[in-house]
Amino acid sequence: MGSVTNSALEKEHLVHHDHVHHDDDHEESFITKYVFSQDHKTISRQFLITAVIMAVIAMTMSVIFRMQLAWPGEKFAFVNALLGDKWAKDGILDPNMYLALVTIHGTIMVFFVLTGGLSGTFSNLLIPYQVGARDMASGFLNMLSYWFFFVSSCIMLASCFIDDGPASGGWTIYPPLSAVPEAMPGSKLGMTMWLISMTIFVVSSLLGSLNYIITIFNLRAKGMTMTRLPLTIWAFLVTAILGVLSFPVLVSAVALLIMDRSFGTSFYLSDIYIGGRPLDNVGGSPILFEHLFWFLGHPEVYIVLLPALGITSEIIATNSRKPIFGYRAMIGSILAIGFLSFIVWGHHMYMTGMNPFLGSVFVFTTLLIAIPSAVKAFNYITTLWKGNLQFTPAMLFSIGLVSSFITGGVTGIILADSTLDINVHDTYFVVAHFHIVMGLSAIFGMFAGVYHWFPKLFLRMMNKKLGYVHFWTTLVFAYGTFFPQHFLGLAGVPRRYYTNSNFPMFDNLVDINEICTISAILGALAQGIFLFNFFYSMFRGEKAPQNPWNSNTLEWTTPMANIHGNWPGALPVVHRWPYDYSKPGKEKDFVPQTVPLEDGEQDGGGH
């Protein structure tokens with residue numbers, strides 16, 4: 001019955017899109033082609049360019065607050081020029097604005113760049129291409145997904161310009177700070193705008209995720225079984241499922257928080273005093289919010305990471321000219337990571353006074369998730385081993401991801417242990433850990449994807465030499481920024497503090513903060529190389545050949561042109577898995593998925 005339904009849906013989709021394609025001669029207006037487009041390729045570009053702009057804003061914020069940490073109390077004219085006298089009088093950053101910048105930087109990077117930007121760009125671009133579909137299951141929902149994302153981004157940025165300043169309770173917005181409007185300037189209208197923005201963001205995420213899941217299950221080309229899917233598609237599928245299951249929990253947490261803020265309820269509040277005056281709220285618990293937030297928050301780490309890991313699998317196999325090592329084990333590890341990510345959220349909460357036995361359960365599940373993560377890391381290294389390596393910029397960033405994934409993962413084992421975590425909880429050790437394992441890994445995956453699929457996004461090639469300079473500067477300065485923070489954390493330096501100058505025991509550590517900040521500034525400037533390369537190549541880059549990387553997946557069989565429906569004639573028929581590189585007995589070192597199997601030839605996907 002399932003296959004009948006599947007084939008009926010495929011036929012219906014094929015007929016519909018063939019009809020659309022043959023009507024391609026009609027003139028589309030600028031609005032329908034570039035603004036309210038329903039074409040997955042245009043929507044992926046919209047997500048990418050929006051994410052790039054948001055990333056530049058978040059990076060600028062991080063440079064400002066890092067300068068305050070390295071040189072507390074120093075006057076910086078450009079900070080005053082950016083923030084004005086209210087928030088940076090005489091060029092000295094205001095403590096409330098420091099907290100606001102930390103909050104909005106974290107929110108933008110986690111949600112708008114690494115979730116919306118990474119999944120929105122590459123799920124949209126690659127799912128129809130790599131499964132052999134004309135477009136997404138619903139172009140209209142896809143368009144709505146982007147525009148909800150755009151509106152959400154605008155509200156988040158607009159909150160930076162209001163009188164009381166943006167939300168400033170940290171990107172995790174723990175109550176009571178976020179639940180009591182009079183607690184601080186950043187708990188007023190800015191916090192309300194943060195909550196509205198994130199609710200709209202979740203709507204965007206759900207619309208996109210449902211579309212991705214339906215497209216992968218129902219619109220695969222003939223012969224494209226689940227074990228012939230590229231690992232990118234497996235990663236996008238599990239990411240979308242995680243989003244559908246976890247983001248609604250954040251909405252419920254936000255709804256209760258709005259009730260506490262505006263309607264006098266006490267879900268998260270009890271025994272709170274403001275200026276010596278007790279509030280009426282009794283009986284709530286801020287720990288309830290932590291449970292709800294981290295039930296999204298930990299799957300969110302893998303919503304960010306899995307697309308980057310999927311992109312890396314494809315790029316490493318292509319540029320090693322070898323089949324990916326352990327294809328089925330890689331699928332299994334993606335599924336295991338997806339399942340386990342829902343039962344580890346308590347490791348963020350060891351310091352809440354939870355029952356030690358419950359803590360030990362979360363220690364066990366968190367250490368367990370290291371196993372499928374290690375499977376992925378070892379399989380990447382084994383794929384690289386004795387490969388005919390092509391060091392494109394995308395390949396370098398993919399190898400950089402493997403490096404940061406391992407480096408950050410090792411410190412995760414320390415934080416997973418409830419007894420070891422006591423010493424470094426809420427210190428710079430945690431900041432270093434998640435910036436390397438989640439931030440760097442996902443950003444490296446995103447850069448790898450942009451360099452690799454730029455020809456499909458914009459029909460042109462990015463400059464390879466600038467790509468090399470961008471990679472090495474980014475790698476060196478990113479590690480220079482975050483690796484020394486491990487030592488700050490082990491010394492006990494707390495995160496989110498405006499200055500540590502009141503604590504004499506931290507005086508000897510100022511030099512490390514200066515190293516981190518100088519690396520952060522140089523790393524931010526290095527992204528100018530990427531921005532120039534990206535926007536220049538978009539218009540003036542060398543025109544891309546049909547299959548620049550000699551890759552096997554279906555997207556490289558589509559014409560290098562922006563046509564509706566992806567393939568001008570019939571949809572491709574798939575005969576083999578996507579990793580037939582350097583196959584013995586073949587003339588070339590790659591065999592596209594559309595090439596039929598010869599007599600006696602085995603399909604690597606296990607068919």
Side-chain angles (χ1 to χ4, degrees), residues 21 24-25 27-28 30 32-35 37 39-53 117 121-122 124-130 132-135 230 232 311 314-315 317-319 321 389-398 446-471 527-569 571-572 578 581 588-595:
H21 176 66
D24 226 18
D25 300 329
E27 283 294 316
E28 281 192 288
F30 178 85
T32 57
K33 191 170 183 182
Y34 294 108
V35 183
S37 173
D39 184 348
H40 72 102
K41 299 180 287 296
T42 302
I43 292 169
S44 72
R45 290 182 207 115
Q46 290 174 319
F47 269 108
L48 179 59
I49 291 168
T50 307
V52 166
I53 293 166
T121 300
F122 293 105
N124 268 305
L125 179 70
L126 296 178
I127 288 174
Y129 267 152
Q130 293 193 340
R134 296 283 182 202
D135 207 312
T232 38
I311 286 166
E314 181 63 32
I315 292 171
T318 300
N319 290 293
R321 313 312 293 163
L389 304 183
Q390 317 291 307
F391 287 113
T392 63
M395 180 65 154
L396 290 176
F397 274 107
S398 296
M446 194 166 176
F447 281 139
V450 170
Y451 281 106
H452 191 76
W453 281 288
F454 196 85
K456 293 312 294 182
L457 280 161
F458 300 107
L459 312 179
R460 293 178 182 272
M461 303 293 286
M462 290 183 81
N463 184 294
K464 195 181 270 191
K465 287 181 181 172
L466 286 179
Y468 291 146
V469 176
H470 175 223
F471 169 73
Q527 302 321 303
I529 301 165
F530 169 76
L531 292 171
F532 171 78
N533 196 358
F534 181 77
F535 288 107
Y536 180 84
S537 301
M538 198 186 292
F539 301 105
R540 305 291 295 277
E542 177 193 335
K543 289 223 167 130
Q546 177 64 38
N547 188 354
W549 319 119
N550 290 334
S551 195
N552 291 340
T553 42
L554 295 179
E555 73 269 28
W556 305 106
T557 65
T558 64
M560 277 293 175
N562 275 318
I563 63 165
H564 218 46
N566 295 339
W567 285 270
L571 287 170
Y581 292 106
K588 296 181 178 176
D589 70 348
F590 70 106
V591 188
Q593 287 189 276
T594 50
V595 175

Open item on the list: Tell me the closest heavy-atom pair linking P128 and N124, and the distance in Å.
Closed with: CD-O, 3.3 Å
Task: Partners passing salt bridge (Lys or Arg N to Asp or Glu O under 4.0 Å) against K456 (at least two apart in sequence or in another chain) - done: none
Distance-only donor-acceptor hits, side chain of residues 534-543, under 3.5 Å, sequence neighbours excluded:
unit_1, atom_1, unit_2, atom_2, d
S537, OG, N533, O, 2.6
S537, OG, N533, OD1, 2.9

Task: Minimal non-hydrogen separation, F530 against M462, with atom names - done: CE1-CE, 3.9 Å
- [ ] Can you label the angle between the W453 ring and the F122 ring as parallel, tilted or perpendicular, going by 30° and 60°?
- [x] tilted
Open item on the list: As an exercise, state the distance from OG1 of T594 to CG of N552, rounded to the nearest 0.5 Å.
Closed with: 9.0 Å
- [ ] Please report the C-alpha distance between T42 and K33 in whole Å, then the side-chain angles of each, then the deciding distance to 0.1 Å, and finally whether the side chain to side chain contact (heavy atoms under 4.5 Å, CB included) criterion is met.
- [x] CA-CA 8 Å; T42 302; K33 191 170 183 182; 5.7 Å; no
Open item on the list: Are L48 and S44 packed together at the side-chain level, in the sense that at least one heavy-atom pair is separated by less than 4.5 angstrom?
Closed with: no
- [ ] Output all residues satisfying side chain to side chain donor-acceptor pair (under 3.5 Å) with T121, sequence neighbours left out; order by chain, then residue number.
- [x] none
TODO: Please report the shortest heavy-atom distance between L389 and F391, naming the atom on each side.
DONE: CD1-CZ, 3.7 Å
Open item on the list: Go through it in stages, so that I can follow the logic: the residues are F590 and N547, the test is side chain to side chain contact (heavy atoms under 4.5 Å, CB included), and I'd like the CA-CA distance, side-chain angles, deciding distance and then a yes or no.
Closed with: CA-CA 11 Å; F590 70 106; N547 188 354; 3.7 Å; yes
Open item on the list: Between T392 and Y451, does the side chain to side chain contact (heavy atoms under 4.5 Å, CB included) criterion hold? Intermediate values first, please.
Closed with: CA-CA 9 Å; T392 63; Y451 281 106; over 6 Å; no
- [ ] Determine the minimum heavy-atom distance between Q46 and Y34, stating which atoms define it.
- [x] NE2-O, 3.0 Å
Open item on the list: Counting C-beta onward and ignoring hydrogens, is there a side-chain heavy-atom pair between L554 and Y129 closer than 4.5 Å?
Closed with: no
Task: Separation between CG of L126 and CD1 of I311, rounded to the nearest 0.5 Å - done: 7.0 Å
TODO: Quick one: closest heavy-atom pair of E314 and P230, and the distance?
DONE: OE1-CB, 3.8 Å
- [ ] Measure from the side-chain N and O atoms of W549 to the backbone N and O of H452, and report whether any donor-acceptor pair falls under 3.5 Å.
- [x] yes
Task: Side chain to side chain, P393 and F471, heavy atoms closer than 4.5 Å - done: no
Open item on the list: Holding to side chain to side chain donor-acceptor pair (under 3.5 Å), I want the full list of residues that pass it with Q130, two or more places apart in sequence or in another chain.
Closed with: T232, E555
Task: Partner set under side chain to side chain donor-acceptor pair (under 3.5 Å) for T557, not counting sequence neighbours - done: W567
Task: Any side-chain donor near an acceptor of the partner, H40 and N566, under 3.5 Å - done: yes
Open item on the list: Could you check whether any side-chain N or O of R45 sits under 3.5 Å from a backbone N or O of L457, counting only pairs where one atom can act as donor and the other as acceptor?
Closed with: yes
Task: Minimum side-chain heavy-atom gap H564-D39 below 4.5 Å - done: yes
- [ ] Could you verify whether a donor N or O on one side chain and an acceptor N or O on the other, from Y581 and T318, lie under 3.5 Å apart?
- [x] yes
TODO: Could you walk me through whether Q390 and M395 pass the side chain to side chain contact (heavy atoms under 4.5 Å, CB included) test, one step at a time?
DONE: CA-CA 7 Å; Q390 317 291 307; M395 180 65 154; over 6 Å; no
Task: All side chain to side chain donor-acceptor pair (under 3.5 Å) counterparts of N550, not counting sequence neighbours - done: none
- [ ] Would you check if the distance from the ring center of H470 to the ring center of F447 is below 6.0 Å?
- [x] yes
Task: Least distance between heavy atoms, I315 atom then S398 atom - done: CG2-OG, 3.3 Å
Open item on the list: Just so I know, are the side chains of R460 and P455 near enough to count as touching, which here means a heavy-atom distance under 4.5 Å?
Closed with: no
